[in-house]
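To keep things clear, I will list the structure first and then write my remarks on it.
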Amino acid sequence: MSVSSEYASPTLAAAPRAEGIRLRWSVVLHYLVLLIMSVVILMPLYVMVSTSFKTQIDITASEPVWIFQPTMANYEDILTRQRFDRFLVNSVLTALFSTAATLAAGSMAAFAIARMQFPGRGLLAQTTLLIRMVPAAVLAIPIFALWLEWGIEDGRVGLVLFYTALNLPFAIWLLIGFIKQVPVELEEAAIVDGAGAFQVFFRILFPILRPGLAVASIFTFRIAWNEFILALILTNRMTRTLPVATTLYITDQGVEWGRIMAMGTLMVVPPLLLTFVAARQIIAGLTAGAVKG
Amino acid sequence: MAKFLNNRRNLVPFIFLLPAVFILVVGLVVPLVNAFRLSFYEWSMGTPLASARYIGLASYERLLGDAGVGESLGVTLRFGFWVILIEMALGITLALLLERQIRGAALFRTIFVLPLMVSPVVVGLIWRYLFDARSGLVNFYLEEIGEAIPFLQQFGFTTQLWLADRNLAFTSIIVTDIWQWTPFVFIIILAGLQAVPREVLESAYIDGANWLQMTWFVKLPMIRSVILITLLLRLVDVFRALEVIYILTFGGPGRSTELLSLHIYKTAFTSQQLGYASAISTLLIGIIFVLSLGILVFNNPLKERADF
């Protein structure tokens, strides 16, 4: 592989492309590797979607059926025989409320940590980072106990509280980075003009921070929409969310693959749309934890 | 960094912090403290918490001699070793190969993000279906290949009971994890490579470094902190992993795929020993705390961005 083609950066682009043929071969190879990776990633998802449109006979056939008469029976079944609408509303409400709470509380805290001087600032920032790694398995037990003790009927309230708490450290961490990229002179100018801290935050910073808030909200939504263990513990047959409802199709008699894949397909739609709309922001959020610069 | 809001208005920072601190205390700190407190009690599910019996350090004594905990810790470490080794090797290699800017990068980027956005429950279900002994695709293609090339049959290219055999079930959870997390490693390493200052690469290029030298002596050393953080993040996640395996194998057969976090869950909610499960939780939190401290040392958002 030629060095000049490998490091074609803007400053090096002027270098003559003498090895045109070798360059093209490396490009072909490049796309080939990417294509294989994509197929490996997409194949399992395709299997889920196609299985959701199959009849039980096609699903349990000893040979995989690639060409089949699609059926809506699985979808009709989950949409009419179970309370899908209710589970959907539960999932949406939980995700929306916890995302809103995370953004509001997270951006305020990030503003204070990034821009203000107060005793315990460093300690607070570091504690926040340390508790972001708490496993759900560890939280499940005390949460189960506390929920009984607190006696709050609606498990969805608990889910909003705990999802917000689980997401806040990451959101604060992410937003500190975004706030630090905003030139502090903007805020200083507003202060000179007589603005208070709240006006600076809501009028100046909050609008500029929108890209950061978008990234934070994607990750908050993802957790709230997908989370299973805490939802399993806190919800009952009226308040359960979609991931919990999906697992109900695993029974002692076996797994109802058609219906469960239909549930899975419906559940994947929002994160899928989100990925196609905001892949760039998602990568920004993923790399914020590891890459500086 | 100028701190433009100074000490004169001392209450202001705390007003801004109040909502977040309140939620974190009620939603995380109180549960964690209670998990620790519960570890000194014997409490079975279904009985009121008030009737839990104080047993001091008895749970911790039991923990030291508990073969089940030792076994699941061993499973976790073996699982972590294999998935991190394979995911890091694959992710770094692919990132180095595919670093160049190309057309269509946005589409591939979108595809690589998908496994991270799909619900762990769904990931577990899909792979449970793929590994299904009777109608799963994995077995079907193994058998096809085995029939086409009979020589390969002795190397396992035939129908296997993937989720019912101890070793094969362990392989299954590794394969699933690699599918889910290699794109994550790839994306982060790629971002790290792209953040390497161009001047460094140019001067190495002018000095006559070839591709291999460039990779080994320039790029990999430049991104070593990114590699280390990625490794630590994956390691922490191995100790947190629960939902995919809950659906895929529920720890079985036997304890062959029972990671420590799943062992805690099953001790609490299947064996219904919530107090003892809390004691194991303390162990898990200790491990994760140490690993998180490592991440914090290398990646503190309050530090200025200088150490590349």
Side-chain angles (χ1 to χ4, degrees), chain A residues 1 3 6-7 9 34 38 41 44 48 60 64 105 108-109 111-112 115-118 125 129-131 133 135-139 141-143 145 149 161-162 164-165 168 173 176-177 184 187-188 197 222 226 228 243 246 257 260 264 267-268 271 275-276 279 282-283 286-287 290-293, chain B residues 2-5 12-13 16-17 19-20 23-24 27-28 31 34-35 49 98 108-111 113-115 117-119 121-122 125-126 129 135 137 140 187-188 191-192 195 198 201 205 211 226 229-230 236 240 242-243 261 264-265 268 274 277-278 281 284-285 288 292 296 301-302 305 308:
Chain A
M1 220 172 278
V3 174
E6 193 59 31
Y7 301 106
S9 67
L34 283 173
S38 305
I41 290 171
M48 170 177 76
T60 50
M108 286 174 74
F111 177 57
R115 290 288 205 244
M116 299 179 199
Q117 203 60 271
F118 55 88
L129 282 185
L130 282 179
I131 53 177
M133 297 298 186
V138 168
L139 280 181
I141 302 162
I143 282 175
E149 224 167 65
L161 169 69
F162 297 119
T164 306
L168 259 179
W173 200 24
I176 288 176
V184 75
E187 294 152 55
E188 280 169 343
R222 179 186 75 142
N226 290 340
F228 168 63
T246 302
W257 286 119
I260 212 165
M267 209 164 74
V268 155
T275 310
F276 275 95
I282 295 170
I283 289 174
L286 288 174
T287 51
V291 182
K292 302 175 200 187
Chain B
K3 304 293 177 313
F4 71 93
L5 292 165
V12 173
F16 273 91
L17 289 168
I23 293 168
L24 285 174
L28 275 182
N34 270 283
L49 188 53
L98 306 177
F108 289 115
R109 194 171 52 201
T110 305
I111 292 172
V113 170
L114 281 177
M117 298 299 286
V118 173
S119 160
V121 168
V122 171
L125 286 170
I126 293 176
Y129 180 64
S135 44
L137 281 187
F140 175 77
I187 287 168
I188 289 187
R198 281 292 145 193
L201 298 179
Y205 167 64
W211 188 82
V226 176
I229 291 166
T230 313
V236 170
R240 298 171 57 191
L242 172 64
E243 298 183 334
S261 59
I264 291 172
Y265 181 89
L274 292 142
S278 298
S281 296
L284 181 60
I285 289 180
I288 286 178
S292 302
L296 195 59
L302 292 182
R305 302 160 170 240
F308 222 111

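The chains referred to below are lettered A, B, ... by the order of the sequence lines, with proteins before strands, and numbering in each begins at 1. In what follows, every heavy atom counts, from backbone to side chain, and hydrogens, waters and symmetry copies are set aside.
Here the closest non-hydrogen pair linking A:A137 and B:S261 is CB-O, 3.3 Å. Contact detail for B:F16 and A:M116: the closest heavy-atom pair is CD1-CE, 3.7 Å. Of all heavy-atom pairs between B:I188 and A:L286, the closest is CD1-O, 3.7 Å. Here the shortest heavy-atom pairing between B:G27 and A:F162 reads O-CD2, 3.3 Å. Of all heavy-atom pairs spanning A:A109 and B:A20, the tightest one is CB-CB, 3.6 Å. Nearest heavy atom pair, residue B:L284 against residue A:P135, reads CD2-CG, 3.8 Å.
Counting heavy-atom pairs closer than 4.5 Å to chain A, the top-ranked of the candidates B:T110, B:L242, B:L137 is B:T110. Ranking A:P243, A:A145, A:P44, A:S38 against chain B, the residue ahead of the rest is A:P44, based on heavy-atom pairs under 4.5 Å. Per-residue heavy-atom pair counts under 4.5 Å with chain A were compared for B:S292, B:P31, B:A268, and the maximum is reached by B:P31. Comparing A:M133, A:M267, A:M48 by heavy-atom pairs within less than 4.5 Å of chain B, the highest count is held by A:M133.
Both the backbone and the side chain of B:I126 come within contact range of chain A, judged by heavy atoms closer than 4.5 Å. Proximity to chain A (any heavy atom under 4.5 Å) is restricted, for B:I288, to the side chain, taken from C-beta onward. If you measure heavy-atom distances from B:L125 to chain A, the contacts under 4.5 Å come from both the backbone and the side chain. Interface remark: B:V236 contributes side-chain atoms only to the contact with chain A (heavy atom separation under 4.5 Å). Heavy atoms closer than 4.5 Å to chain B are found in both the backbone and the side chain of A:T275.
Partners of A:F228 under the ring pair (Phe, Tyr, Trp, His ring centres under 6.0 Å) rule, at least two apart in sequence or in another chain, are B:Y246.
Between B:L98 and A:L34, the closest side-chain pair of non-hydrogen atoms falls below 4.5 Å. Side-chain atoms of A:I260 and B:Y129, non-hydrogen and from C-beta on, never get closer than 4.5 Å to each other. Using a 4.5 Å cut-off on side-chain heavy atoms (C-beta onward), A:V268 and B:L114 make no contact. In this structure, B:L28 and A:L139 have side chains that are in contact, with non-hydrogen atoms separated by less than 4.5 Å.
Atoms CE and CD1, from B:M117 and A:I282 in turn, are 4.0 Å apart once rounded to the nearest 0.5 Å. Atoms CD1 and CD1, on A:I141 and B:I264 in that order, are 6.5 Å from each other to the nearest 0.5 Å.
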